[in-house]
Amino acid sequence: MIRNILIGLLLAVAAFAGLLVFNAMNYGAEPVGGRVTLPAPPEISAERGAQNLSRAIQFKTITLASGDPRPGQEGEWLALHAWLEEAYPAAHAAMTKELVPDTLTLLYTWAGSDASLKPVMLMAHQDVVPVNIGTEGDWDGAPFEGAIIDGYIYGRGAIDNKGSLVALMEAAEALAASGFKPQRTVYFMFGHDEEVSGSGAEAAVALMKSRGIEPEMVLDEGFMVLDPSPLSGKPAGFIGIAEKGYVTLEVIATAAGGHSSTPPRNSAAVNLARAVVALDENQMPSALKEAPAADMFRAAGKDMPFMQRLAFANLWLFEGMVDDQLSQIPGGNAMIRTTTAPTMLEGSAKENVLAQRAKATVNFRIHPSNTEEEIIAHVKEVTKDIEGIEIAVGQQGIRGAGASNVSPTDNRAYAVLASVAEATYPGAPAAPGLVLGATDARYAEAISANVYRFAPAVLTPDELTGFHGTNERTSVENMGRLARGYAQVILAMDSAE
């Protein structure tokens, strides 16, 4: 009897282990979304694209605050517009250009021959962030000279986002010069103030909505091919199918003030500290099993190390462990939940005076699985037992918005982008992802359900440090990849399929 029980237990354990291994072996076996056969793009010169990006970087289209550029300071934007006409004559002959009213945002229309086909819209932005004062000498190539050194174009905007803007125009120029005439109307929209508010893109989308324009696909900045991917240690292309929202809350503690020589046990500062620690220790729940995270992990699964695949393929068993591990990695944690970031603290005006009112400013980046109302309810629940705590929505600085919708992965638009991503770095799988910052694409949801965030370039972790940082640069090779990839997007979407 005992022997039979032991055999039964061993068989059950073996079957259980076999199930786990079977799930792991099949995890990521099928790609997320479809794929298409990409048409060949026209001949495109990476070197020409690099030279034109170098020139575009020299226009100091810097925005610092909402409302920039101020009246009388539009010169750099207007000079950039004039240069685009000069540099891309075939594209400008094929398209009509307009300035969105009361903005410096450019909207190009390349009219298609078949009005029954919904258009596509490709986006980039003209403005760049400033360079931190005193760091100019830390650059290998001066931030606004556009120097080309050892195969890289250096300068503010090389990655974010003039590289894409120039590459889009390179693609349009090559297509127009080759005689291409689209069936499906193509729009290029270049916002003028993405780095501070995106009011130009918002106005452009409102204008398009008033005209009844409903794009079949919208493509903006966001992700690219990462070499290596932090998920697998191998190259992988990520296509943003959503982006996080933004809200700031004020956590306020009130208590009796007085002289610091006789402090109470529960001063406003102490209670505020308890609240901040409580929020840090009680994070918003993760969304490991929801899109985009679930699809992203699955798409990258075939390249994961085996034990990692085993865990992700069997979240019903290992979800807690995976959540704990990802939560220790800032980028991983941000992918799977609404993040909680205390950023500013205020208290007494003098070191020997007890604060009657202490305040913590806490910034939340909203995951698509959450709403602002849920975040407020969570903060109130976590701090409800701490005396004198009040919660208010921040009214200073940036006033946020909810997370974007999650765009589908089962349509032609995603299939085209996934195919372009995999062609950008052959052998690298394409995976959907969640963009952690804000882009102009968030406004496009008003006119399209298919909004994506991807640039067909390959970047290393070292190159990624250039985003808003020192030595922002992109390779000459990437300028070729970008222009060819954008041309393929236009060609592949130019059909009724």
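Quantities reported herein were computed from a predicted structural model and do not represent experimental measurements.
- Put simply, CG on Leu104 and CD on Gln126 are 7.0 Å apart, with the number rounded to the nearest 0.5 Å.
- A salt bridge is absent between Arg365 and Glu372: the closest approach of a Lys/Arg side-chain nitrogen to an acidic carboxylate oxygen does not fall below 4.0 angstrom.
- Looking at Asp323 and Arg337, a side-chain N of the basic residue comes within less than 4.0 Å of a carboxylate O on the acidic one, giving a salt bridge.
- Checked by atom type and distance alone, the side chain of Ser229 never pairs as donor or acceptor with a backbone atom of Leu226 at under 3.5 Å.
- For Met224 against Gly222, the heavy-atom pair with the smallest separation is CE-O, 3.9 Å.
- Here the straight-line distance linking atom CZ of Phe467 with atom CG of Leu459 works out to 6.0 Å at 0.5 Å rounding.
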Trace of the salt bridge (charged side-chain N to carboxylate O under 4.0 Å, His left out) decision for Lys209 with Glu214 = CA-CA 7 Å; Lys209 186 175 183 179; Glu214 298 178 0; over 6 Å; no

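- Closest heavy-atom contact between Leu491 and Pro41: CD1-CA, 4.0 Å.
- Between Arg298 and Glu30 there is no salt bridge, since none of the side-chain N atoms of the basic residue sits less than 4.0 Å from a carboxylate O of the acidic one.
- Side-chain atoms of Glu290 and His367 include no donor-acceptor pair closer than 3.5 Å.
- With hydrogens and angles disregarded, no donor-acceptor distance shorter than 3.5 Å links the side chain of Glu319 to the backbone of Trp316.
- No side-chain N or O of Asp227 forms a donor-acceptor pair with one of Thr460 less than 3.5 Å apart.
- A ring pair (Phe, Tyr, Trp, His ring centres under 6.0 Å) check over residues 101-131, counting only residues at least two apart or in different chains, returns the pairs His92-Tyr108, Tyr108-Phe190, Trp110-Phe180.
- A distance of 11.5 Å separates CG in Asn450 from CD1 in Ile241, rounded to the nearest 0.5 Å.
- Every residue two or more places apart in sequence or in another chain that forms a salt bridge (Lys or Arg N to Asp or Glu O under 4.0 Å) with Arg156 is listed here: Glu472.
- Of the options Val186, Val120, Leu117, a side chain to side chain contact (heavy atoms under 4.5 Å, CB included) to Met493 is made by Val120 and by none of the others.
- The closest donor-acceptor contact from the side chain of Thr424 to the backbone of Val420 lies under 3.5 Å.
- A distance-only check finds a donor-acceptor pair linking the side chain of Ser419 to the backbone of Val36 [under 3.5 Å].
- Side-chain N or O atoms of Arg484 include none that pairs as donor or acceptor with a backbone N or O of Pro456 at under 3.5 Å.
- With sequence neighbours excluded, the residues forming a salt bridge (Lys or Arg N to Asp or Glu O under 4.0 Å) with Glu170 are Arg48, listed by chain and number.
- If you take CG on Asp160 and CD on Glu194, they are separated by 6.5 Å, rounding to the nearest 0.5 Å.
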Salt bridge (charged side-chain N to carboxylate O under 4.0 Å, His left out) between Asp303 and Arg309: does it pass, once the steps are laid out?
CA-CA 9 Å; Asp303 284 338; Arg309 287 174 66 187; over 6 Å; no

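- With rounding to the nearest 0.5 angstrom, the CD1 atom of Ile159 is 6.5 Å from the CG atom of Leu464.
- With sequence neighbours left out, the side chain to side chain donor-acceptor pair (under 3.5 Å) criterion links Gln283 to no other residue.
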>> I'd like to know whether Glu221 forms a salt bridge (charged side-chain N to carboxylate O under 4.0 Å, His left out) with Arg453, so could you lay out the CA-CA distance, the side-chain angles of the two residues, the decisive distance to 0.1 Å, and finally the verdict.
In response: CA-CA 5 Å; Glu221 64 175 331; Arg453 302 152 181 88; over 6 Å; no

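- In this structure Tyr152 satisfies the side chain to side chain donor-acceptor pair (under 3.5 Å) test together with Glu463, sequence neighbours excluded.
- A donor-acceptor pair under 3.5 Å is formed between the side chain of Thr185 and the backbone N or O of Gly112.
- Shown here are the salt bridge (Lys or Arg N to Asp or Glu O under 4.0 Å) partners of Arg481, two or more places apart in sequence or in another chain: Glu477.
- Relative ring orientation between Phe312 and Tyr27 is described as parallel, the plane-to-plane angle staying below 30° on a 0-90° scale split at 30° and 60°.
- In terms of modelled atom types and a separation under 3.5 Å, the side chain of Thr105 and the main chain of Gly191 share no donor-acceptor contact.
- In this structure, a donor-acceptor pair under 3.5 Å is absent between the side chains of Asn363 and Thr343.
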